[in-house]
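Just below is one structure, and these are the notes that go with it.
So that the names make sense, note that chain A is the first sequence line, chain B the second, and so on, each numbered from 1. From a predicted model like this one, the values you see are computed outputs, not experimental measurements.
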Amino acid sequence: MSTDEHTRDASGGAAGAVAPGDSYDPRAVQDKWQARWAELEPFRANDSADDPRERRYALDMFAYPSGDLHMGHAEAYAIGDVPARYWFQRGHNVLHPIGWDSFGLPAENAAIRRNSHPAEWTYTNIETQAASFRRYAPSLDWSRRLHTSDPEYYKWTQWLFLRFYERGLAYRKGGQVNWCPNDQTVLANEQVVGGHCERCGALVERRVLTQWYFRITRYADRLLDDMKQLEGNWPDRVLLMQRNWIGRSTGADVDFVIEGRDEPVTVFTTRPDTLYGATFFVVAADAPLAAEICAPEQRAEFEAYREQVSRESEIDRLSTEREKTGVFLGRYAINPVNGERMPVWASDYVLAEYGHGAIMAVPAHDQRDLDFARAFDLPVRVVVDTGEPDPAETGVATAGDGRLVNSGPLDGLAKAEAIARIIEILEDKGLGRASVNFRLRDWLVSRQRFWGCPIPIIHCPSCGEVPVPDDQLPVTLPDNLRGADLAPKGTSPLAAAEDWVNVPCPSCGGAARRDSDTMDTFVDSSWYYFRYCSPHYEDGPFDVEQVRKWMPVDQYTGGVEHAILHLLYSRFFTKVLYDMGMVDFTEPFTRLLNQGQVILNGKAMSKSLGNMVDLGDQIAEHGVDVVRLAMLFSGPPEDDIDWADVSPHAMAKFLGRVHRIAGEVTAPVDADPATGDVALRRITHRTVEEVTGLVEAYRFNVAIARVMELVSAARRAIDSGPGPADPAVREAAETIAILLSLFAPYTAEESWSLLGRPAPVATAGWPVPDPALLVEDQVTCVVQVAGKVRDRLEVPPGIAADELERLALASDKVQAALGGTGIRKVIVRAPKIVNIVPA
RNA sequence: GCGGGCGUGGCGAAAUCGGCAUACGCGGCAGGUUUAGGUCCUGUUGGUGGAGACACUGUGGGGGUUCGAGUCCCCCCGCCCGCACCA
């Protein structure tokens, strides 16, 4: 980008003091300072071990390069920039990097439409976004920029895949998977939202396919337990969502003999105490077990039912008030504790993928089982007396605590005791055992699309799966595919690229084929924050020493849409790297902030609704600082911002007031603030004290409100107080510039410059309040009679309680309010409040 | 259905501990500057009553604890989010 006429005009015209009434245009100073900052590079992190400064790592979720930056980016990066800039001001060695999550479907779809290669669209958009980032001016270290679609990056994604493979954490298996018919690829469970594709919204189908998985379930317990480290520093709702997603249930496995089958069938139950109340047995209709054990005379009916179940759409499956359906399999299971014969049914209300795909049904104490029992007229037996009415009559299962009945050795026990006892009994007899089950499934990572990281595995007819040797990484994508070559066909487009896919087997040298799937882009983004610590490192995915110094991330800022996707996967990756001895911590992100959304008139902005507010237009109209300030001032960072409610004009007015004050200061640069007006100095120092606390507590909207109050105080000091030559006015103006540098960097820099200080203001140093100026010499004490404010007293802050009580009772207003009635009690909380309770 | 969160002026929102409810900003009203409009500056602005000092009232509704409740406890109403047959 070249310096243009506009730049020279702006910098030339802004020199000298600004006369009252001159209006300040935040846009006019942007190009000048952007160029200056590019020279100064104030935000470069220092890797060297002898830098004594404390280190901080501020991370924003990196961008997907779809078009230009939008309003959502503007909010997220304005918010994430505040703690980073605060740390720079505090003199820390800050790592605040940026990069692009640049593999993914939109690039591929664009390439198909334009008959081009996805790289063209991707890297063009990255450059557009990079230029917008530079203008928007977050405090980024540009020397660490990375793109996940660069071979230098995805070489290490492949390297990590192979390490996972060696450890048994990456494996291939066949089974039912989620299939998006629109994107023509499989999806992870985490990418199916309410039965729809998380990305395109299409209704997801079930297919039976062989796919690659990461064994995240092996880490289920640790993913759950380590959340203790995050409590208080991550939003509660994210922790809750992850807990629910992992879905740990404790209970027991119980083995049931099925008549005519050699191997017993195991079921999982959270209520082994109700074992004597089991009256039937249900197998998932789509589980292989159902087909296997179905008796010949029931075969036709079962097949018809299974056919019906397989045709059900996700919508049917998800509808809340569903009638229970099922079919008797003509077989019986034996209850291991009382020998009772229970009919075995197949139904779709039992899930093949959870537990063992089969359950013991206890209709009296489980609502789903009761619904099924009532639909098919199966017996209901109460074994826990909860004091509630009979479920067989009410249709309401009693799931609560109570005394066990009709349960042999368990009779009379409470629920918890009964659970412990029955597990002992089952373990003694070898018929069952305590067990834990998770809702979490392994992470399906293979995708049948082109623009992703190739899976570094070669399939050899004689050797089977053969990893690509490390020294042959990266397996790069072919660059000769265009347009229709990339169209979704239900298998990866790479499979059709004959000269790419056909390779000799690394093991036996025979003819073999590359795995033609690519990895889920969430694999790329599960480790990028490690790479930032040593982005040009060539001997591994990251330099272990640098990661040890920079990580874990102190502050991570991004959208709540990644509450279980990216954040769960990243936590998983970190634990694997810990087990590999590559990192010395188990959680990657110490503190997490989820910013809200930018909406319009109460609705999410979307192209289909046609209610998009364009960030470029907003910046062109109001300037970067106005947009950033509006994003931060409108409310708490985690709340949504309705752009219809914000007033860019008010932000511009405020910035103009700041700029005008800076231009009016006449006290020299070296004036001693100690000789200045004490009243203004008190306000300045108290503001610093408060803003410091507010920024550290992430209450940026209130912090800005306090700066506004300081600006008003400085304005009054100039107009009707000590005047612009007072050193306290300079102190206030300089303080305003530094505080404002966290929120509106251009105006802060311009003001700093008007005050005769050298750029950059960003590292000028955070002011330290003088404790002597924070001590009030008078405080207002509120005097209440019967809880109502009747008088206010100006008193010294250290006043004694009995002295304050005497003063309060001496007040005419208090005496008037008492009106001669006696006093029952006086509560004194010196020096703030006195409450007099009349008799 | 289960789990979680939130209800404060006309609007966005403040109120670390239970201690002056409504900071800051928008919008409104009044005045000043200006040829005028806009900009800019000043004052004012929860509601009801009052000319006014002031009085009463007020944080979704009801009850409780407390000298004192937006804040803590119980019940109800409304809105939002997550999960959704997970045995």
Query raised in the report: How far, in whole Å, is B:G19 from B:U71 if one measures between their P atoms?
Result: 11 Å
Polar atom pairs (N or O), protein with nucleotides 19-23 of chain B, under 3.5 Å:
from	atom 1	to	atom 2	distance (Å)
B:G19	O6	A:Arg829	NE	3.3
B:C20	O2	A:Arg792	NE	2.9
B:C20	O2	A:Arg792	NH2	2.6

Query - Sugar-phosphate only, base, or nothing, as touched by A:Arg790 at under 4.0 Å among non-hydrogen atoms - result: sugar-phosphate
Query raised in the report: What is the distance, rounded to the nearest whole Å, between atom CG of A:Leu632 and atom C1' of B:A14?
Result: 17 Å
Requested in this report: Assign A:Val826 to base, sugar-phosphate, or nothing according to its heavy-atom contacts below 4.0 angstrom with the strands shown.
Outcome: nothing
Query raised in the report: Touch check for A:Lys788, heavy atoms < 4.0 angstrom, all strands: base, sugar-phosphate only, or nothing?
Result: sugar-phosphate
**Report entry** Whole-Å C1' distance, B:U8 and B:A14
**Finding:** 10 Å
Report task. Take A:Asp236 and A:Arg243 through the salt bridge (Lys or Arg N to Asp or Glu O under 4.0 Å) test and state the conclusion after the steps. Result -> CA-CA 10 Å; A:Asp236 287 342; A:Arg243 277 198 188 93; over 6 Å; no
Report task. Take atom P in B:A13 and the same atom in B:C80, then report the distance between them in whole Å. Result -> 16 Å
Report task. With A:Pro391 as reference, evaluate A:Asp369, A:Val382, A:Val396 under the side chain to side chain contact (heavy atoms under 4.5 Å, CB included) test and give the passing residue. Result -> A:Val382
Query raised in the report: Nearest-Å distance, CG (A:Asp645) to P (B:C11)?
Result: 10 Å
Query - Option from A:Asp273, A:Thr274, A:Leu275 for which side chain to side chain contact (heavy atoms under 4.5 Å, CB included) with A:Val383 holds - result: A:Thr274
Report task. Can you tell me which stems RNA chain B forms, taking runs of 3 or more consecutive Watson-Crick or G-U pairs with both distances under 3.5 Å? Result -> B:1-7 with B:77-83, B:10-12 with B:24-26, B:27-32 with B:40-45, B:46-49 with B:54-57, B:60-64 with B:72-76
